2 protein chains.
Amino acid sequence: MLSMNFSIILVLFFVAINFLNTQSFQHPLDPLSPKEINEIRAIIENSHLKTLTNLTYHFVDVDEPEKDDVLHWLSSTKSNRQPKSFPRRAKVVVIGGKQTRELIVDLSKRSIVLDHVYKGHGYPPLTFEELLQASLLTQKDPRFLTSLSKRNLKSSQVSCLPLTKGWFGEHVSKRAVKITCFYRNGTTNIYGRPINGITIIFDLELLKVTTYMDRYRAPLPKAEGTEFHSRPLKPGPSFPNTTNSKLSIQGNVVTWGDWKFHVAFNSRAGVIISTASIFDSKENKYRRVLYRGHVSETFVPYMDPTEDWYYRTFMDVGEFGFGKAADSLQPLVDCPGNARFMDGYLIDGFGMPNLLPRAICIFEKYSGDVAWRHTEIGVPGRVIRDGEPEVTLVVRMIATVGNYDYILDWEFRQTGSITVGVGLTGVLEMKATSYTSTDQIKEEVYGTMVAPNLIAINHDHFLTYYLDLDIDGDNNSFMKSSLQSKRVKRMTTPRKSYWRVKNKILKREAEARIRLDSKPTQLLVVNSNKKTNVGNLIGYQLVTGQSAYSLLANDDYPQIRTAYTKYQVWVTPYDKSERWAGGFYADQSHGDDGLTVWTRRNRKIENKDIVLWYTMGFHHVPSQEDFPIMATLRSSFELKPTNFFDQNPITYKS
Amino acid sequence: MLSMNFSIILVLFFVAINFLNTQSFQHPLDPLSPKEINEIRAIIENSHLKTLTNLTYHFVDVDEPEKDDVLHWLSSTKSNRQPKSFPRRAKVVVIGGKQTRELIVDLSKRSIVLDHVYKGHGYPPLTFEELLQASLLTQKDPRFLTSLSKRNLKSSQVSCLPLTKGWFGEHVSKRAVKITCFYRNGTTNIYGRPINGITIIFDLELLKVTTYMDRYRAPLPKAEGTEFHSRPLKPGPSFPNTTNSKLSIQGNVVTWGDWKFHVAFNSRAGVIISTASIFDSKENKYRRVLYRGHVSETFVPYMDPTEDWYYRTFMDVGEFGFGKAADSLQPLVDCPGNARFMDGYLIDGFGMPNLLPRAICIFEKYSGDVAWRHTEIGVPGRVIRDGEPEVTLVVRMIATVGNYDYILDWEFRQTGSITVGVGLTGVLEMKATSYTSTDQIKEEVYGTMVAPNLIAINHDHFLTYYLDLDIDGDNNSFMKSSLQSKRVKRMTTPRKSYWRVKNKILKREAEARIRLDSKPTQLLVVNSNKKTNVGNLIGYQLVTGQSAYSLLANDDYPQIRTAYTKYQVWVTPYDKSERWAGGFYADQSHGDDGLTVWTRRNRKIENKDIVLWYTMGFHHVPSQEDFPIMATLRSSFELKPTNFFDQNPITYKS
């Protein structure tokens, strides 16, 4: 769910930056610097667009160079040749004069090189400022004040949140949000005190409430027991003092052990990992693994079809942005004591850069786990006992999207594995009810009673990852390895059965659209042209965790918009323009852009530069333990070298 | 797989203990002390059994008091009344005079109170000493020496491992093992140098080779590149200095935060967690969670049906014992610097107690994870940012069963969750081949070529856990909560679908036998007689990780012995005698004891003291990264409070 609240407080942690903070260009995928952001705004404000009324900036990002150029640049830096300089360009989406415009701004030419009016369905990401307006202006609306006084509620104790309204078949739509309000009355856990029964639609172009219905009154749940506070700060736990830290951060480029990759902070995706390569000591060179990896879209549908809830089917990444929702990380709580931090810059609706301190943290993790070990007593006269503790490198960002906090981890291992982890914490979305015990309930309530008068609604979280794997180069294929039970045919032993592995290279997009089931299967991205020393296909395996797919009906509107969530795995041929699984214009989208649409062409994916899309899913049936604050709920998947190396790379250095 | 090798070295870390080390009795489930073990042996040696020839001890364990008595004892210690003292009794299985005898030895009466000759199928666990004999005597067998000289191999460079031989339909069986040998020739990774083509059966009663067939010669794989060694010891990582450690260990009783439980080291199961309760600050009392939890059986079938491999279908826990295979833990490698250690005692074939130093470690774990957090900007004028780092408590043991090392973790969380984790590391089982590249292979080889001339065989690992949950008391039921897609019937909103939760209490054993599939389902053990403050069923959820079931044919002999591995979940009514999923006499068992057999009665499981059985499974398709040593492969499941507490217990102390 997306929240934007609001108040002047925002300035406390989004400090406007001017032309002071400059950063020299280091990597073609570096995020825009404050200086560049200011230049972009200056270029637009001095262009033919300057006459547009109410010009607002909804999306500003690096317009990325071609992949080939980036890879060429990388290899030239490695060979110490003078790296080719890149024309820095930005992709900008503005709304002005009631039109959505897509611009390409060339920073070296100081000009707009493309200006295109978008006329399709859906809208660009919402801005902080318009959400703030929607909240504050609703709270001043006379109809709302009347509703409050009918309920004997004080307006000073009310918080309102604008929620995206989804799309439900309307032929004509307007940029608008739905508003839901809470009565704090001294508490801080606002979600536990919903004021139910009022439907409010706020028009973001007219900047006013256009639909107002006060339908019914529900009791306010108790405020007692809803608070959550960190327990008094204790001296520990401090973090391991790895005196031999292997971590180096130069600008946005991280090297750690054999790994080298680029970390960027992005307003839409949040943290982006790019050009990740691992050094192979045997081959004495870096080998490519992941060109880009990031969250592409989220889908969070709530399972209550009634008036107050039916539209809550959020696509947070596209409607608002995980980067825009990123929280400044708390040392010693969000990241351990040895963490190093990376700041980020967000661009507000006015096109101004705002510093987000500690947007990303990077730390060596040692949990007491064992990387490998063995004790051998099979050699006479000796006991051979060997092993190593496991130290990994974590890159972390946290997006606080209203009530929910998403902890996004990329964990790199010395073995070549990358574990992508998500932690869900924060507060549930809840509705008020007159019931105080489940014994009284005879109807469907669409959730779990977590406290008297309070029902936490059943919902899902789907996080779809964009994973542009380049396993040892561009020419990759997607392989499904099925474990098949076999009967022993010619019996020379009394054994009757076994399983064997049946490998199949999937040739087109339609085949590679996979709903995971309990059939034992391994999914791999392999290099079609390279083999190991003994002839195995070089590959990385996608090790899925417990996974889920959407249970909504195919013809339900939220499902039409996110049809890709019916399958956890998709594979597409690389296309620079295909990045956002639910389509670029996610707010009120109709499902006519994104993964489902692109793959209708059923393109070839064999022996090509391919992209793997994986959706991590949670079905969340709330329990009382999730109230008033959720203990972190975790899931992960792993990208694991599988016949990528000739042998376990940790033994190369034995 | 089980290995017992061997050599005098054993005495280095299994130091025989006499009447010196005594320990006072503290908890009825405490393992037998060295003093008690010596008393048991003395009682037996002075009994009517003293005339038996070749009396060997195959199993010696506490004969546990009745559960009711233990619980009564626990509650009386809590109320500071004088705890009832227990008659300490031991269950002993000996072989003598060619008969297997089950004895109950009463330590207070200093007498054998039960003596029963076992005449069923299968044999008790093997002893170190007989396995050592099997290995050493085979290496001296003239036929074997002839085979070595034919191959130009030096006998001094050979290591032989005895392997259990399984059961393949024989009507008459004898206690015997199969022997497989390796040619080290200077290397230590013996598994990489198998001498294939020789079938050897060693009779454990006659103490000689009874079948010998030298069938063919295979090339010896290269020794180069097979070594693994810890990289030079570095100063870090040290572990967090939790100055406010909440850990207390009194004898075998551990208290940590709100948790209190008993830890025992057991020769068969390895680590056993008993009488785990959690203090509920709101109710101001300890509430029961887990009466007993441990690994009940393992099943490791290899997928090569040919003569050298077909019988490798190991049931390590029953055939040998995870406790007997436990390794003395290496500080700073197997357990972090803040770990505290618990010693264990093993009983050898002579009935003597042997100290295993550092059999178990217990440590607070801090990995840099976030226990919970939230940032709230919905309250005007404030930014509320709260959270806590996650600190958990881990109880760990490592069983080195020949080539494989199993890392067994029990991780307790402040939220009430218990995560049961398994890490697999060590060395793969491999066979020699004349091929040096997969390109040459036109036949089935049943595995992956991991190095020239070396194929690692496909196999499974199934670990079946015994989980006697007592959720807030004895009267528990097993509930299956299915998430069902529903169509919206009376449309008042444009939403067309949602999912809801359908709860079903499973009434009998047959219903609760579950093969996990991709249908979204939650499995819970609930208390049938207690509800939360708002009327929810009090429960704990089994959160399964990625799981597997056996792919062997139902009529295949190894599958007949472990038929329960076709389903991951079973529920039985508590019966003190039902502990070992594959039957007590696992060596050469016929599948006529264990979970599959007990549940044929289809007993009632509703509103009863019930036991949950969960099988964690791995299908292991080896890759080159698993050679010469495997990076730890992990899996876990979680026992998670679900409407057990009235709210998140970490907020009780806010």
Side-chain angles (χ1 to χ4, degrees), chain A residues 5 7 159 168 188 190 229-230 234-237 240 242-244 303 305 310 327 333 336 365-368 372 374-375 378 380 386-387 400 415 425-426 437-439 449 485 488 493-499 517-518 520 534-535 551-553 556 619 623-625 627 631 642-643 647-648 654, chain B residues 5 7 159 168 190 229-230 234-237 240 242-244 303 305 310 327 333 336 365-368 372 374-375 378 380 384 386-387 400 415 425-426 437-439 449 485 488 493-499 517-518 520 534-535 551-553 556 619 623-625 627 631 642-643 647-648 654:
Chain A
N5 209 305
S7 77
S159 292
F168 287 88
T188 55
I190 60 172
H229 297 295
S230 311
K234 295 163 190 169
T242 50
T243 54
N244 47 350
M303 294 302 147
Y310 79 90
D327 198 8
V333 173
K365 171 174 169 173
Y366 169 53
S367 62
W372 64 270
H374 183 58
T375 298
D386 271 313
T400 298
T415 55
T425 176
S437 168
T438 56
D439 302 333
M449 185 174 289
S485 294
V488 178
T493 69
R495 181 75 172 263
K496 294 179 179 172
S497 65
Y498 65 104
W499 54 255
D517 56 25
S518 57
V534 296
L551 302 175
L552 295 181
D556 204 354
H619 297 301
S623 75
Q624 290 188 242
E625 284 80 3
F627 178 80
T642 303
N643 301 318
Q647 66 181 68
N648 187 339
S654 285
Chain B
N5 211 303
S7 78
S159 293
F168 288 88
I190 60 173
H229 297 295
S230 311
K234 296 163 190 169
T242 50
T243 53
N244 46 350
M303 296 301 148
Y310 78 90
D327 198 8
V333 173
K365 171 174 169 173
Y366 170 52
S367 61
W372 64 271
H374 183 59
T375 299
I384 299 148
D386 271 313
T400 299
T415 55
T425 174
S437 167
T438 57
D439 303 334
M449 184 174 288
S485 295
V488 178
T493 69
R495 181 75 173 264
K496 294 179 179 170
S497 65
Y498 65 104
W499 54 255
D517 56 24
S518 58
V534 297
L551 301 175
L552 294 181
D556 204 354
H619 296 301
S623 75
Q624 290 188 242
E625 284 80 3
F627 179 80
T642 303
N643 301 317
Q647 66 181 69
N648 187 340
S654 285

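What you see is a predicted model; the values in this text were computed from it and never measured.
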**Prompt:** So do the side chains of B:His374 and A:Thr425 get within less than 4.5 Å of each other, counting heavy atoms only?
**Reply:** no

**Message:** Testing the basics here: between B:Gly378 and A:Ile190, what is the closest heavy-atom pair and its distance to 0.1 Å?
**Reply:** CA-CD1, 4.2 Å

**Item:** Least distance between heavy atoms, A:Pro380 atom then B:Ser159 atom
**Value:** CD-OG, 4.0 Å

**Request:** Please round to the nearest 0.5 Å and tell me the distance separating atom CE of B:Met449 and atom CG of A:Asn643.
**Result:** 11.5 Å

**Asked** Quick check: does any side chain N or O of B:Thr438 sit under 3.5 Å from a backbone N or O of A:Gly535, one acting as donor and the other as acceptor?
**Response** yes

**Prompt:** Side chain, backbone, both or neither: which part of A:Thr415 has an atom under 4.5 Å from a heavy atom of chain B?
**Reply:** side chain

**Prompt:** Is there side-chain contact between A:Asp556 and B:Arg495, with heavy atoms separated by less than 4.5 Å?
**Reply:** yes

**Message:** Between A:Ser367 (side chain only) and B:Ser367 (backbone N and O only), is there a donor and an acceptor less than 3.5 Å apart?
**Reply:** no

**Message:** Rounded at 0.5 Å granularity, tell me how far OG1 in B:Thr642 sits from CD in A:Gln624.
**Reply:** 10.5 Å

**Asked** What distance separates B:Phe627 CZ from A:Asn648 CG, expressed to the nearest 0.5 Å?
**Response** 10.5 Å

**Item:** Top contributor to chain B contacts, counting heavy-atom pairs under 4.5 Å, from A:His619, A:Gln647, A:Glu625
**Value:** A:Glu625

**Asked** Side chains of B:Pro520 and A:Leu551: closer than 4.5 Å at any heavy-atom pair?
**Response** yes

**Item:** Nearest heavy-atom neighbours spanning A:Tyr498 and B:Pro305
**Value:** CD2-CG, 4.0 Å

**Item:** Part of B:Ile384 lying under 4.5 Å from any heavy atom of chain A
**Value:** side chain

**Item:** For chain B, the option from A:Pro494, A:Ser518, A:Ser437 that forms the most heavy-atom pairs under 4.5 Å
**Value:** A:Pro494

**Fill in**
Separation between OH (A:Tyr310) and NZ (B:Lys496), nearest 0.5 Å, reads 13.0 Å

**Prompt:** Between A:Thr493, A:Asp439, A:Thr188, which has the largest tally of heavy atom pairs under 4.5 Å with chain B?
**Reply:** A:Thr493

